[in-house]
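Scroll down for the structure; my scribbles are underneath it.
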Amino acid sequence: MNNSIRALRKGRKLSQEELAEAVGTTRQTITSIEVGKYTASLPLAWKIAHYFGLTIEEVFDFSELEE
């Protein structure tokens, strides 16, 4: 699933480790989500979106699921 986490994180000059700590997960999980190898659970997706002050739909691209 495509997402804008890397761009959002870079915009705030955050490391993957810093974002992971802020949302209660590991750096490896953030890495996997950013490169599309792992889809975040709904609670984690909400935490990430909330951290950036956005909705889940603004962070994650669900268009491939709509087909």
Side-chain angles (χ1 to χ4, degrees):
M1 174 179 296
N2 293 326
N3 63 72
S4 58
I5 295 170
R6 170 175 253 141
L8 291 166
R9 185 175 56 74
K10 296 271 186 187
R12 292 207 184 172
K13 298 184 169 129
L14 291 170
S15 68
Q16 291 175 331
E17 184 70 37
E18 289 168 323
L19 177 57
E21 189 174 307
V23 299
T25 193
T26 65
R27 181 196 57 77
Q28 292 88 346
T29 297
I30 296 298
T31 301
S32 295
I33 294 169
E34 284 186 356
V35 300
K37 289 185 178 180
Y38 175 74
T39 301
S41 66
L42 185 55
L44 180 56
W46 184 88
K47 286 178 185 179
I48 292 169
H50 188 258
Y51 178 82
F52 289 110
L54 300 170
T55 65
I56 292 173
E57 292 86 352
E58 291 172 310
V59 177
F60 295 89
D61 178 7
F62 292 96
S63 62
E64 63 189 41
L65 300 177
E66 295 173 354
E67 297 176 353

**OP:** Say whether L54 and I5 are linked into one hydrophobic cluster, either directly or through other cluster members, by side-chain heavy-atom distances under 4.5 angstrom.
**Re:** yes
Original post:
Is there a path from V23 to M1 through hydrophobic residues (I, L, V, M, F, W, Y) whose side chains come within less than 4.5 Å of each other?
Top reply: yes
**OP:** Would you please test Y38 and T31 for side-chain contact (heavy atoms from CB on, under 4.5 Å) and show each step?
**Re:** CA-CA 9 Å; Y38 175 74; T31 301; over 6 Å; no
**OP:** Determine the minimum heavy-atom distance between A45 and A40, stating which atoms define it.
**Re:** N-CB, 4.1 Å
**OP:** Of all the heavy-atom pairs spanning E57 and F62, show the shortest one and how long it is.
**Re:** CA-CE1, 4.2 Å
As an exercise, state the distance from [atom1] of [X] to [atom2] of [Y], rounded to the nearest 0.5 Å.
X   : Y   : atom1 : atom2 : result
T25 : I30 : OG1   : CD1   : 5.5 Å
L14 : E17 : CG    : CD    : 11.5 Å
R12 : Y51 : CZ    : OH    : 6.0 Å
R27 : E18 : CZ    : CD    : 13.0 Å
E21 : Q16 : CD    : CD    : 14.0 Å
I48 : N3  : CD1   : CG    : 8.0 Å

**OP:** Using the test side-chain contact (heavy atoms from CB on, under 4.5 Å), find all partners of S4 that sit at least two apart in sequence or belong to another chain.
**Re:** L8, V59
Subject >> Check ion pair E34-R9 (N to O, under 4.0 angstrom) >> reply: yes
Original post:
In a check of side-chain contact (heavy atoms from CB on, under 4.5 Å) between F60 and each of T39, I33, T55, which one passes?
Top reply: I33
Subject >> Pair S32, T29: side-chain N/O donor-acceptor within cut-off below 3.5 Å >> reply: no
